[in-house]
Amino acid sequence: EDTVNGTNYASYSKALDACYQRLTNLPSPPKLLGPECVGLGYNDVQNYAATMHANSFYGVAHHLYGGSTDGTPDGYKAAMNALTNVFPAKPRFMTEYGLSDMIEQANLIHNVLTVEQASGYNYWSLVWPGTSGGLIQIEFPWDQSRWTNAPPGTPTQSHGWWVTPAYWAMKHYSYFIQPGYQRVAAACNDANVLASAYLSPDGLRLVAVFINRNLSSSTVDVDFGSFPYVTSTVYQTAGANHFQSLGSVGSPLNLPASSLTTVVLDASSPVISVATTPTNLMLTWPLASAGFTLQSRTNLTQGHWLNVTSPEPQIAGSQWRVMLPLPVNPDSMYYR
């Protein structure tokens, strides 16, 4: 990263540019992430980014082996906030790090997603030998007589492996929240209860995750706004109960001490409301129902449904709205 005796040695940004130029013409070129720093300390990401060219990579990536001011998940907040100004139009990814404590791990995921506003969190690692370091711990695979079956406090397994507390933190954030989901606004009045929410691409599923960092139980009055859910399910990890299904959500929602709770809300297909004026037909459906296309047909037994392409749906308050002129010679018309 320097010029020595008149020779300008290749820097990271130059190497990245060269790789991009070599790969970009492939039939299906990979997406490049960088600068993949070991942590957030010493402004490393910013220092590398200063000479990186935006068109040479897809997203900003880093680990978390340094950068917390006090060693806690919240100690990263200042550095994470600063990252939002580094190539702000690009997605960010935490690509390697993990904690062994369930609540701390969930707290860290929450901060990466909500403070840094990252698009992905990769735990290090999925499977690992020994007593720490992975979501799934494995024992010596070639000699079953050496298996101890689990450390104290872990549900005993007889097959040489067990899931760790961090596994449940990852499951609460990854089992229902899938690629393509978008984080939406969420807040809680209790500073020790962290809340975040994620909407499916079709607008029909809302997933909320609650972390109760209190050492005693808490209750929260939940308000999911205008999301038109029909069914709901609560999954909770507390004490010896892991990702337990508790049935439908109620208000208030009980959060045991040091617990994780995932609430899954599902909406049915949106119902179209119809109204007329002297000159127009007005069709509306809930704003939360994204990804739907209005269709019409004149006969329910013959022909096909056709997309209504004009005019395009407009947002009116909490609904999508389409205004169509009434036909001069009205025949039967059906919409879905």
Side-chain angles (χ1 to χ4, degrees), residues 27-29 31 58-59 89-91 113-114 117-120 173-187 195-209 222-235 245 247-251 262-336:
S28 181
K31 289 181 170 65
Y58 170 73
K90 290 183 176 293
L113 298 179
T114 65
Q117 302 175 37
S119 295
Y173 279 95
S174 63
Y175 193 81
F176 290 105
I177 303 167
Q178 298 294 312
Y181 275 54
Q182 185 174 24
R183 188 172 63 84
V184 295
S196 58
Y198 309 84
L199 186 66
S200 63
D202 61 11
L204 295 181
R205 170 167 283 182
L206 183 68
V207 182
V209 182
V222 291
D223 178 4
F224 297 108
S226 60
F227 185 75
Y229 69 94
V230 176
T231 61
S232 64
T233 311
V234 177
Y235 298 86
S245 176
S248 60
V249 66
S251 188
T262 296
V263 178
V264 182
L265 306 176
D266 285 304
S268 62
S269 297
V271 176
I272 297 178
S273 297
V274 182
T276 60
T277 70
T279 57
N280 292 297
L281 176 69
M282 181 171 68
L283 305 173
T284 59
W285 61 93
L287 182 62
S289 301
F292 283 86
T293 299
L294 181 66
Q295 294 183 332
S296 68
R297 64 191 298 179
T298 58
N299 191 306
L300 288 179
T301 59
Q302 296 178 349
H304 301 283
W305 289 97
L306 301 176
N307 291 343
V308 178
T309 58
S310 179
E312 294 183 349
Q314 303 294 319
I315 296 176
S318 62
Q319 294 187 317
W320 292 102
R321 182 173 68 186
V322 173
M323 296 287 288
L324 299 171
L326 289 176
V328 177
N329 298 309
D331 292 319
S332 296
M333 181 66 74
Y334 303 91
Y335 293 94
R336 71 175 186 181

Using atom types as modelled and distance alone, determine if a side-chain donor or acceptor of Ser232 lies under 3.5 Å from a backbone N or O of Val249.
yes
Supply the atom-to-atom distance Leu283 CG to Ser296 OG, rounded to the nearest 0.5 angstrom.
9.5 Å
Is there a side-chain contact between Leu204 and Tyr229 in this structure, where contact means two heavy atoms from C-beta onward sitting under 4.5 Å apart?
no
Would you compute the distance between atom CG of Leu326 and atom OG1 of Thr279 and round it to the nearest 0.5 angstrom?
6.5 Å
Look only at the side chain of Arg336 and the backbone of Arg297, and say whether a donor-acceptor pair between them is shorter than 3.5 Å.
no
If I compare all heavy atoms of Ala267 with all of Pro228, which pair ends up nearest, and what's the gap?
CB-O, 3.3 Å
Output the distance between atom OG1 (Thr276) and atom CG (Leu324), rounded to the nearest 0.5 Å.
12.5 Å
Answer whether the closest heavy-atom distance between the side chains of Leu294 and Trp320 falls below 4.5 Å.
no
Looking only at heavy atoms, what is the nearest atom pair of Pro201 and Gly180, with distance?
CG-O, 3.4 Å
Please round to the nearest 0.5 Å and tell me the distance separating atom CE of Met282 and atom OG1 of Thr277.
8.0 Å
Establish, yes or no, whether a centroid distance under 6.0 Å links the rings of Tyr235 and Tyr175.
no
Set of residues satisfying salt bridge (charged side-chain N to carboxylate O under 4.0 Å, His left out) with respect to Arg321, sequence neighbours excluded
none
Does atom CD (Gln178) have a neighbourhood of more than 12 heavy atoms from anything else shown, all under 6.0 Å?
yes
Quick check for you: to the nearest 0.5 Å, what is the distance between Thr231 atom OG1 and Arg205 atom CZ?
8.0 Å
Which heavy-atom pair separates Tyr335 from Val308 by the least distance, and what is that distance?
CE2-CG2, 4.4 Å
Under 3.5 Å, is there a donor on one side chain and an acceptor on the other for Asn307 and Thr309?
no
Applying side-chain contact (heavy atoms from CB on, under 4.5 Å), can you list everything that pairs with Leu113, at least two apart in sequence or on another chain?
Ile109, Tyr173, Tyr198
Could you please spell out the steps behind the side chain to side chain contact (heavy atoms under 4.5 Å, CB included) verdict for Leu300 and Trp305?
CA-CA 9 Å; Leu300 288 179; Trp305 289 97; 4.1 Å; yes
Distance, nearest 0.5 Å, that separates OG1 of Thr293 from CG of Leu306
12.5 Å
Closest non-hydrogen atom pair, Ala197 against Leu206:
CB-CD1, 4.3 Å
Between the main-chain N or O of Glu312 and the side-chain N or O of Gln314, is there a donor-acceptor pair closer than 3.5 Å?
yes
